[in-house]
Amino acid sequence: MHPCLKDRVQKLPVLLLHQEEESLPFSEHKLHVEEEELEVEAQEAGHQVVVLLQAEEELHLSKFQISRHVLKNQYNLFFLPMFTCLAYMLYKKFEVYSMGWIDQVNLQDLKVTVAPSGGPIAVVRDDTKLTPVQTSGKPIIFIFSPSGELKSTIKWSGGKIVEINWSSSEELLCIQDDGSVSAYDIFGNYQNSFQMGQEAREMKIIDARTFPSSTGTGLVVLTTNFRFFVVNNIKDPRIRRFPDIPGVNIAPSCWAAIHGDDRQTRVIVAKEKDIYLLDYSEQHVAQKTPEISHHHLSIIAMAVSPCGKLVALLTDAGVIWIGSFDFRRKFCEHDAQCMLPAVQLVWCGSGAVVLNLGSVLLVLSPNRDNFTLILDSTSHVCPEVDGLRIITNSSHEFLQKVPLPNQEIFRIGSMSPGAILVEASREFQKRSHRAEEYIRLVKNQLEQAVIQCIQAAGNEWQPGVQKMLLRAAQLGKSFLFDKVDSELFVGMCQTLRILNAVRNYKIALPLTFQQYEQLGKTGLLNRLILRRQYSIAIQICQYLQMSEADGIPRVLTEWACYKIKHGLGKLDAEQLASEISAKLGTSSKVSYSSIALKAIECKQEKLAIRLLDFEHRASEQIPLLLKLGQEPQALAKAVESGDPNLIYYVLVVMKETYSADKFYMTIRHYPSVNALYAKLCRTIQMGSLEQIYEQEDNFNAQAILSVKDSYRAQKLENRSAMLTTAVKQYRQAKAEIAASLTEDQLKLLKTQSGYESKFGCPVIDVSLNDTLKLLMRRRDIKETEEMVKKFKVPERRLWWLKVTTFAEIGDWAELEKLSRLKKSPIGYEPFVDVCLQYNNVTEAQRYLPKVEEHLSIKYYVKAKLYTEAAQIAFQRRDTEALHYVQSRCSSNRDAVDMINSLIAKLANPSESQNKR
């Protein structure tokens, strides 16, 4: 045998969890057992012991396997086969805390409920048991931490409590028989309440169950008329009724709620031997018949696995049946032969069922393998996703299936890569050369060995074992360079450091690695904030470098809210605000608006106003200031922000709450606000705009407003009156030009009114130019001349109007007469343009010779008289002009050839003379 393997067989690591040694650190446990001791223990274990095989004499370095399974009755170390029969699984039980309530609490006389994922414990007197009572008849609810430290008490003053249960957010739900559900935090502070409907209130509730749902925590209640009502989310209670249970109207012997992957809630109900599956979404009742071979009269308990795929039933004959949740498949049926009445039937993860008989726990796998745990006192068990919490009068323990990486490493005789790497690490710590030999054994599987050690470290509870495994992983990583992602190792180190910190009995948050993965960083932070562990929450945020939304600013905000709530009456508003700001600073990352909102809830308006001075986000600050009645301060903050939307928002609120005089006097101190309000009034409320201008003696703006109002008036008299008012206002504003123009508009309006009645066609609201053109089209020369004199129309504009009007009506004779009247003040180009506009080239030729010389070629081309344009260009010896004409007549081949000849003549003048 290879010397390294021989040493490995002689020094195999064994995880011993002896009841007498559970309180000792892992480093004090026995880690090496001799071959002779293992064989003696195997013989004493009887038929439950798997014989320890001797190692083969010679093994090839690349192919070896040593499998040894040991069962020790005196240790809490158990082997259970999974229902798939693929491998043997190891279960272990270890102590989490020694309970601080020793000699103060007797679970035998109490109702106990435990919050999931390492949550607190609530107990209340069990009314069904006769116990001596030294206080009044009203019950007292005690809330303890997982380590048994009393956190708070609730002196109940309501109706009869049917059930108490924890939600997934660690709120204690107290369900009363009248259908009222009250929620309390872990410190016994009332949070909220809701009702389960009128029928539940009238008929009374006799039983209730909570269940995890896709949206939070759900609640199902059973009334005295044996009807079920469900709420899928207690934060948004929408009550739905399940269909009635068929058959004889008797109370169900047991029932359970299932929330499936399809987001639908169903209830499994057992009435004596019959089982029904209720579905409110389809209002359907399906009867199920599980295959139970043992004789029984009724089913007295049932439990649904955390995965929701398996169901366990307990009959009155003491038989446990395990199968699928739809009862189509049966995995096993086991006669527990329990003489004592069952206290609880729960699942340990999804791999085993636990029957709690008080001080005895029967653990059964779906393959009928089982073992018994005997406890020192009455217990209460709480199922978790990866195990089972066991609460007794003296201890808080955890039972779980040992994860596969841990089994591979710590199993007796294991030769897995992780186990050999751990052994190599031990030898390396001893500075032994054998460490290198072990590394060589797993050099081809070193990556797998490192990953096994990292995963196993996360599943271990004792820090000493965690360090041992991480040291082994670190040693293996040094030989792999970059083959293993460093983030896996670093992330596990960070996670374990956090978990070890929160597992301390003072914080008492005993999360396993799998529970932490399910909860997440934000969920862990929520749990710490609920426990008011702000200091360690901030340290974790810094350690994990969490984002601002979920990190330190949020924790500080929650601390400040707590400070406000519990600082009432002890400090005045100024002192409390100074203390909070000194702790939080003036960083914009902290939401002072959330803190101020909490102060408003506590009716501390002065404190809220003072806190809002530290808020940097105007969008969060201003609505709360308005809510507190601080409109001037809100307006000032809105102006500082420069956000028009915020200013509009403040203005709308002030308009509703202030009188008109106070409103205008307030906003006139801010010119920008005044301008924005004027813009707002122009779009939605014109009357208010006039009041603003009157308050400010802004006559020019008043005149503009009067002019705009005149165009909205329907009657001519009203329009004239408004224009007259506008003239006066312009005079007051000393805007003489605007006043003169408004007077002209008033005169034009009166003149147009006369023409409208005279001609019988609409003339009002047209321009002065259009009015003159109307008169010209009607050939009313006298009225045209009067309008020209009255409104002092310039000569150039009058000629333009005449040219365009004569062309429009086709009066070419009048147009020619106009051109001969005298030299045109606007030139003759407009004459050509209007003729060409109306396709009258012949008439345009009359005016082409009169066009300005520098424009003549352009206008000849415009009239498509290319030959004449080319001749003019040739006479001027302008080659560039000839090219321009040629480019515009490219489709006329004759004209192009002619222009080419002209260009050639200009280019060679001597040749043209010789030809002559």
Side-chain angles (χ1 to χ4, degrees), residues 14-22 38 41-52 68-96 301 303 305-306 310 312-314 318-322 331-340 342-384 386-392 395-404 406-407 410-412 461:
V14 181
L15 178 59
L16 303 181
L17 295 173
H18 195 280
Q19 290 179 346
E20 298 176 357
E21 298 179 358
E22 283 180 347
L38 293 177
E41 291 172 356
Q43 292 174 2
E44 293 175 354
H47 67 280
Q48 295 180 338
V49 176
V50 179
V51 178
L52 178 63
R68 305 180 180 187
H69 304 277
V70 175
L71 176 63
K72 301 181 180 181
N73 286 340
Q74 68 269 35
Y75 302 146
N76 287 330
L77 195 60
F78 307 98
F79 291 92
L80 287 179
M82 295 182 66
F83 63 88
T84 54
C85 299
L86 295 178
Y88 283 84
M89 287 298 174
L90 183 69
Y91 275 75
K92 67 176 181 179
K93 177 172 71 69
F94 56 88
E95 184 177 83
V96 178
S305 65
L310 304 174
L313 305 176
L314 176 65
V319 175
I320 299 176
W321 181 91
I322 301 176
F331 293 120
C332 80
E333 185 177 329
H334 176 70
D335 187 358
Q337 299 179 355
C338 53
M339 303 301 294
L340 299 175
V343 177
Q344 288 176 279
L345 181 68
V346 296
W347 282 84
C348 178
S350 294
V353 177
V354 177
L355 179 63
N356 183 6
L357 300 175
S359 59
V360 178
L361 299 183
L362 175 64
V363 184
L364 173 68
S365 78
N367 241 23
R368 296 191 62 182
D369 295 282
N370 64 89
F371 60 88
T372 303
L373 291 176
I374 300 177
L375 308 175
D376 57 358
S377 64
T378 302
S379 65
H380 179 86
V381 293
C382 172
E384 297 282 6
D386 59 342
L388 185 73
R389 294 167 68 187
I390 305 172
I391 314 296
T392 67
S395 65
H396 180 168
E397 299 174 310
F398 194 76
L399 174 67
Q400 69 170 164
K401 180 177 66 177
V402 179
L404 187 59
N406 301 64
Q407 290 190 51
F410 293 112
R411 191 178 67 240
I412 301 299
W461 192 265

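A quick note: this is a predicted structure, and the numbers were derived from the prediction, not measured. In this chain, residues are counted from 1 in sequence order.
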Q: First locate atom CG of L404, then atom CZ of R411, and finally report the distance between them rounded to the nearest 0.5 Å.
A: 8.5 Å
Q: Could you state the interatomic distance from CZ (R389) to CG (L399), rounded to the nearest 0.5 Å?
A: 13.5 Å
Q: Output the distance between atom CG (L355) and atom CD (Q344), rounded to the nearest 0.5 Å.
A: 10.0 Å
Q: If every non-hydrogen atom of L357 is compared with every non-hydrogen atom of V343, which pair is closest and at what distance?
A: C-CG2, 4.0 Å
Q: Closest approach of Y91 and A352, non-hydrogen atoms and distance?
A: OH-CB, 3.6 Å
Q: Give me the atom names and distance for the closest heavy-atom approach of I320 to A336.
A: CD1-CB, 4.2 Å
Q: List in chain and number order the residues that pass ring pair (Phe, Tyr, Trp, His ring centres under 6.0 Å) with W321, two or more places apart in sequence or in another chain; answer none if no residue qualifies.
A: F327
Q: Do F331 and L310 have side chains that get closer than 4.5 Å, going by heavy atoms?
A: yes
Q: Give me the atom names and distance for the closest heavy-atom approach of L364 to H334.
A: CD2-CB, 3.5 Å
Q: In Å, rounded to the nearest 0.5 Å, how long is the span from CG of L373 to OG of S359?
A: 11.5 Å
Q: Tell me the closest heavy-atom pair linking C348 and Q400, and the distance in Å.
A: SG-CA, 4.4 Å
Q: Mind checking whether N356 and S379 have side chains closer than 4.5 Å, heavy atoms only?
A: yes
Q: Quick check: do E397 and L375 have side-chain heavy atoms less than 4.5 Å from each other?
A: yes
Q: What closest approach, in Å, do C332 and S365 show between heavy atoms, and which atom pair accounts for it?
A: SG-O, 3.7 Å
Q: Just to verify, what does V96 make a side chain to side chain contact (heavy atoms under 4.5 Å, CB included) with, not counting sequence neighbours?
A: F94, H396, F398, W461, P510
Q: Checking W347 side chain against P306 main chain: does a donor-acceptor pair fall under 3.5 Å?
A: no
Q: Would you please name every residue forming a side chain to side chain contact (heavy atoms under 4.5 Å, CB included) with T378, sequence neighbours left out?
A: Q108
